[in-house]
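In what follows, residues are counted from 1 in the order of the sequence shown. Everything quoted here is computed from the prediction, not taken from an experiment.
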Amino acid sequence: MKCVLLLCLLGLAAYQVNGQRSFSFSSRPFKQSRPQFRPQFQPQQKPRPQFRPQHQFRPQPRPQFRPQQQFRPQPKPQFRPQQQFRPQSFTSLGKALSGGSGEVDGKHGNSEYHYSWLHDGDIKYTGDKAHHYCSSLGQGWYAVGVNDNSENSFINGVITSHNKKYIWTGGKRASGDLFTWLGGGDTRSYNNWSHTGGHNIPQPDNREDRNENCLAILNDFYQDGVKWHDIGCHHLKPVICERTA
């Protein structure tokens with residue numbers, strides 16, 4: 001029995017020597033050394049991103065297809081040729097409008113007057129055709145002549161009251177600045193020439209190719225009032241006709 005116990009003690013001593021442990025057979029209790037534990041490395045945990053669910057996808061409604069209105073071409077307007085204008089002769093025109101004797105539209109002194117625009121649809125004539133129009137009204141008719149201030153005031157009143165820009169008279173250039181009237185007389189005894197015109201010089205100025213051989217009355221055309229101007233006879237204007245009552 002003692003042998004067995006001794007063997008156990010020797011075996012325990014050998015185990016302690018191999019395990020780097022020693023026993024002391026002192027009276028102090030045996031303190032077993034405790035191995036130092038190294039702190040294990042604990043990697044920092046990365047915070048996990050919180051999952052935020054996206055807004056639920058709501059598909060947009062598709063636009064409804066609206067077919068365009070069918071193009072309907074507009075019908076082309078039918079071409080209607082204008083009736084060909086057939087001018088009447090001045091003689092037949094005068095007779096058709098006035099019965100061959102001319103209609104009287106105004107009176108002053110011992111003269112009667114006919115205003116072309118009241119009877120022909122406001123046709124405008126050259127100077128020579130205006131004279132022809134008046135003579136076609138019948139015997140004694142001619143383009144108006146202005147022989148004094150009283151008659152001039154009457155004619156100017158007709159022009160302004162009918163809102164006419166201009167009219168032809170029966171004045172024709174005789175020579176130089178002298179004009180004569182178809183009904184008799186000339187401009188030496190009385191005239192109402194303007195102080196200005198296209199060249200800003202007194203009338204008559206004969207400025208248009210030295211060929212202004214007809215006398216017209218213009219209604220404030222050059223901001224000069226209702227005045228006389230020598231005009232090229234190819235211009236177009238209405239006319240006042242006159243005859244002795």
Side-chain angles (χ1 to χ4, degrees), residues 94 97-98 101-120 122-135 137-174 176-207 212-233 235-245:
L97 295 176
S98 62
S101 59
E103 294 185 14
V104 176
D105 300 311
K107 293 183 179 181
H108 176 77
N110 61 350
S111 293
E112 296 175 336
Y113 302 90
H114 174 98
Y115 313 145
S116 68
W117 58 90
L118 296 181
H119 307 278
D120 62 3
D122 202 14
I123 295 175
K124 296 178 176 59
Y125 308 98
T126 65
D128 293 334
K129 289 184 177 179
H131 302 158
H132 193 185
Y133 172 87
C134 291
S135 63
L137 296 177
Q139 186 176 2
W141 284 103
Y142 49 86
V144 66
V146 182
N147 293 294
D148 55 44
N149 185 60
S150 176
E151 186 175 24
N152 185 74
S153 297
F154 173 78
I155 296 299
N156 288 1
V158 173
I159 293 171
T160 55
S161 63
H162 287 260
N163 197 28
K164 307 311 291 183
K165 295 180 180 179
Y166 34 60
I167 64 148
W168 283 126
T169 72
K172 295 282 288 186
R173 187 184 296 274
D177 292 340
L178 178 64
F179 281 72
T180 59
W181 305 111
L182 294 178
D186 55 49
T187 58
R188 287 176 295 186
S189 58
Y190 176 80
N191 70 75
N192 190 33
W193 295 111
S194 173
H195 66 279
T196 186
H199 286 168
N200 297 318
I201 59 176
Q203 301 295 297
D205 59 359
N206 204 22
R207 70 179 179 88
E212 295 187 327
N213 295 324
C214 288
L215 196 159
I217 301 178
L218 307 187
N219 184 2
D220 203 29
F221 204 83
Y222 295 97
Q223 291 75 52
D224 55 347
V226 185
K227 295 290 184 176
W228 298 5
H229 289 260
D230 58 336
I231 302 291
C233 297
H235 290 273
L236 302 177
K237 298 177 180 12
V239 62
I240 293 179
C241 304
E242 179 184 6
R243 74 176 178 183
T244 302

Is the side chain of [X] donor-acceptor paired with the backbone N or O of [Y] at a distance under 3.5 Å, no angle test?
X	Y	result
Glu242	Gly145	yes
Thr187	Phe179	yes
Thr169	Ala216	no
Asp224	Ser194	no
Asp105	Tyr115	yes
Asp186	Thr180	no
Asn192	Lys227	no
Glu112	Arg243	no
Thr196	Pro202	no
Arg173	Glu212	yes

Handout entry: Trp168 and its side-chain contact (heavy atoms from CB on, under 4.5 Å) partner, picked from Leu236, Leu215, Ile231
Key =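 With Trp168 as partner, side-chain contact (heavy atoms from CB on, under 4.5 Å) holds for just one option, Ile231.
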Problem - Heavy-atom closest contact (Ile240 atom, Ile167 atom, distance) - result: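 Minimum heavy-atom separation between Ile240 and Ile167: CD1-CD1, 3.7 Å.
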Problem - Smallest separation among heavy atoms of Pro238 and Ser116, with atom names - result: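 Shortest heavy-atom contact: CB-OG, 3.6 Å.
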Problem - Pairwise side-chain contact, Thr244 with Tyr142, heavy-atom cut-off 4.5 Å (strictly under) - result: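 The answer is yes, as the side chains (C-beta and beyond) meet within the 4.5 Å cut-off.
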Problem - pair Asn149-Tyr190: side-chain heavy atoms closer than 4.5 Å - result: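 In contact.
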Handout entry: Whether over 12 other heavy atoms sit under 6.0 Å from Tyr222 OH
Key =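 Count over threshold, so yes.
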Handout entry: Plane angle bin for Trp193 and Trp228 - parallel if under 30°, tilted between 30 and 60°, otherwise perpendicular
Key =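 Perpendicular: the ring planes of Trp228 and Trp193 meet at over 60°.
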Problem - Aromatic ring pairing His162/Trp117, orientation class (parallel under 30°, perpendicular over 60°, tilted between) - result: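 Plane angle over 60°, so perpendicular.
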Go through the side-chain N and O atoms of [X] and [Y] and say whether any donor and acceptor fall under 3.5 Å apart.
X	Y	value
Tyr133	His114	yes
Lys172	Asn213	no
His229	Asp205	no

Problem - Within residues 162-171 or reaching into it, pairs that qualify as salt bridge (Lys or Arg N to Asp or Glu O under 4.0 Å) - sequence neighbours excluded - result: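 Of all non-adjacent pairs touching residues 162-171, those that pass salt bridge (Lys or Arg N to Asp or Glu O under 4.0 Å) are Asp122-Lys164.
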